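Below is one structure, written out as structure tokens, with a few remarks after it.
Being a predicted model, the structure only gives us computed values, none of them experimental.
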Amino acid sequence: MALHFDHLETRDPAEREAALFAALPGFLRKAVSAAPGLARWLAGVDPDAITDRTALARLPVLRKSELLEFQQADPPFGGFADPAALRANRVFLSPGPLWEPELGDDVATATARAFFAAGIRAGDIVHNAFAYHMTPGGFILDAGARALGCTVFPAGTGNTDLQVDAAAALKPSVYCGTPDFLKVMLDRATETGKDLSSFKLALVSGGALFPSLRAEYKARGIDVLQCYATAEFGVIAYESAASDGSPNPGMILNEKLIVEIVRPGTGDPVAEGEVGEIVVTGFNDGYPLVRLGTGDLSAILPGTSPCGRTNARIKGWMGRADQRTKVKGMFVDPAQIATVVKRHPEIAKARLVVVRDGDRDAMVLHVEAAGGAAPDLAAVEASLREVTKLGGAVLLAAPGSLANDGKVISDERNYSA
């Protein structure tokens with residue numbers, strides 16, 4: 001039995017990197033000619049110069065709040081989709097609200113990788129409990145399962161009793177949906193005397209799979225693995241059954257995507273192991289998105305998976321990168337803290353803590369010095385006031401003392417006090 005979906009998963013990492021950046025300039029040339037919104041966003045960029053990660057990191061990060069503004073000004077896709085590629089395809093509306101086009105066969109193949117890595121094979125029956133109404137999740141996973149050769153029951157969301165009845169009759173071996181709804185189904189089946197013991201494997205997404213919940217499923221005879229997916233790219237990363245039991249298996253990045261981890265509020269890539277925002281560049285001709293900020297936090301793990309797949313791994317979902325916070329009636333954004341740090345190269349890392357001082361909001365910027373430097377705290381405080389238009393104290397933190405959790409702004413106000 002094949003251990004991997006195809007040869008792409010086991011390539012030498014240098015070969016994969018070379019292939020991605022050999023393809024990127026041509027993809028960008030085609031994309032800017034087909035998608036006028038993207039062309040305006042990347043105005044002045046020479047596609048032929050984007051041949052490595054350093055060059056890619058110079059391009060702006062497109063965040064979903066900006067994409068929403070473009071869509072509102074030029075509905076439905078803000079000029080970021082190729083109209084020719086949308087014919088005979090579906091259109092979705094995701095929370096935001098953001099319009100999303102159907103992603104096509106390449107994304108179906110990429111999603112099939114996640115099913116295969118979870119131990120699911122052609123001929124398996126999949127109970128797909130992701131939503132098929134308005135949003136693309138159900139369709140993305142549905143397409144991936146069918147691309148693998150599975151039979152799919154499009155259960156959708158809700159109607160728990162009907163879903164339990166259907167699963168008891170059809171006897172699917174695979175559950176696909178959010179992590180917690182499987183428990184809802186199993187518990188309801190126990191209450192009503194229905195047999196759902198046919199479920200042996202599950203691929204979940206759209207929520208946190210807590211270790212205790214995974215262990216509970218394991219005790220009930222179901223091996224549950226997770227994938228990280230978005231409406232814009234489909235499955236970005238996935239777990240592997242072959243690495244189950246590893247102390248930190250992580251999620252393996254999918255093929256044909258360029259994934260960066262950047263400091264929240266900036267486009268600057270962070271070091272391996274440091275928590276930051278997931279930024280993705282895809283190669284979808286119909287929806288060519290370049291350096292899209294997902295708004296999700298993660299970190300790159302060292303090494304490769306013990307399953308033999310050689311792509312980089314991320315820790316999985318670690319929270320949200322959007323830390324925009326209102327202080328004294330004014331918003332403070334991670335990008336503003338990044339501006340302060342850039343003004344003072346003697347700062348290696350900074351974290352703004354927002355607290356209540358009596359009946360008032362207060363800000364304290366904690367900074368770590370870079371390589372033995374001595375930041376001028378008064379000058380940094382002046383920069384903080386100028387950039388944010390708010391006063392705040394600046395404190396020097398010991399090297400390595402600021403938490404590696406991706407937070408640039410930490411709101412520690414007690415709203416219940």
Side-chain angles (χ1 to χ4, degrees), residues 2-28 47-59 61 106-107 109-118 144 225-230 233-263 267-284 289-294 296-318 404 406:
L3 297 177
H4 304 107
F5 185 78
D6 60 22
H7 75 282
L8 296 179
E9 294 181 325
T10 56
R11 287 179 291 176
D12 181 276
E15 178 188 348
R16 177 182 294 108
E17 187 82 349
L20 287 170
F21 283 94
L24 186 58
F27 172 78
L28 290 176
D48 290 330
I50 313 302
T51 57
D52 57 27
R53 288 182 183 267
T54 300
L56 180 63
R58 297 190 189 106
L59 303 186
V61 171
D106 284 349
V107 172
T109 300
T111 306
R113 291 183 191 282
F115 280 102
F116 190 93
L225 282 85
Q226 57 188 330
C227 64
Y228 168 63
T230 68
F233 300 103
V235 174
I236 294 170
Y238 51 87
E239 290 183 326
S240 165
S243 59
D244 190 31
S246 172
N248 193 1
M251 291 188 186
I252 302 157
L253 296 181
N254 217 331
E255 303 295 324
K256 299 184 179 180
L257 293 173
I258 300 174
V259 176
E260 305 167 272
I261 306 292
V262 309
R263 186 160 289 108
D268 303 332
V270 300
E272 181 181 278
E274 186 174 342
V275 178
E277 181 182 7
I278 301 170
V279 169
V280 183
T281 298
F283 288 84
N284 190 297
L289 294 172
V290 180
R291 298 203 88 201
L292 180 73
T294 64
D296 293 320
L297 294 173
S298 193
I300 296 289
L301 289 172
T304 56
S305 172
C307 72
R309 292 172 176 85
T310 58
N311 211 341
R313 298 172 300 157
I314 59 174
K315 284 187 176 181
W317 185 81
M318 299 178 69
N404 179 26

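Proximity of a side-chain donor or acceptor of N404 to a complementary backbone N or O of G273 within less than 3.5 Å is detected. Side chain of R113 to backbone of A110: no donor-acceptor contact under 3.5 angstrom is found. In this structure a side-chain-to-backbone donor-acceptor pair under 3.5 Å is missing from R53 to P269. Under the 3.5 Å distance criterion, the side-chain polar atoms of N311 are matched with a main-chain donor or acceptor of L253. Although no hydrogens or angles enter the test, the distance criterion places no donor-acceptor pair under 3.5 Å between the side chain of R291 and the main chain of T281.
Aromatic ring orientation, F116 versus F5: perpendicular (interplanar angle above 60°, classes split at 30° and 60°).
Shortest non-hydrogen contact noted between R313 and P302 is NH2-O, 2.7 Å. Contact between I252 and S240 at its shortest, heavy atoms only, is CD1-CB, 3.9 Å. Between E274 and A299, the shortest heavy-atom contact is O-CB, 3.5 Å. The two residues K315 and L301 come nearest to each other via the heavy atoms CG-CD2, 3.5 Å. Shortest non-hydrogen contact noted between A229 and V235 is CB-CA, 3.8 Å. Contact record, T304 with T310: CG2-O, 3.4 Å, taken as the closest heavy-atom pair.
Here the CZ-CD1 distance, from F233 to I278, works out to 11.0 Å after rounding to the nearest 0.5 Å. Atom CD1 of I314 is separated from atom CD1 of I261 by 6.0 Å, given to the nearest 0.5 angstrom. Taken to the nearest 0.5 Å, the CG atom of L56 stands 4.5 Å off from the CD atom of E260. Expressed to the nearest 0.5 Å, how far OG1 of T111 lies from CD1 of I236 amounts to 10.5 Å. With values rounded to the nearest 0.5 angstrom, F283 atom CZ is found 4.0 Å from I258 atom CD1. Taking CG of L289 as the start and CG of L257 as the end, the distance is 11.0 Å to the nearest 0.5 Å.
Between the side chains of Y228 and S298, no donor N or O sits under 3.5 Å from an acceptor N or O.
Side-chain contact check for L225 versus Y238: every heavy-atom pair is 4.5 Å or farther apart.
Considering E255, E239, E9 in turn, E9 is the only one that fulfils the salt bridge (Lys or Arg N to Asp or Glu O under 4.0 Å) rule with R309.
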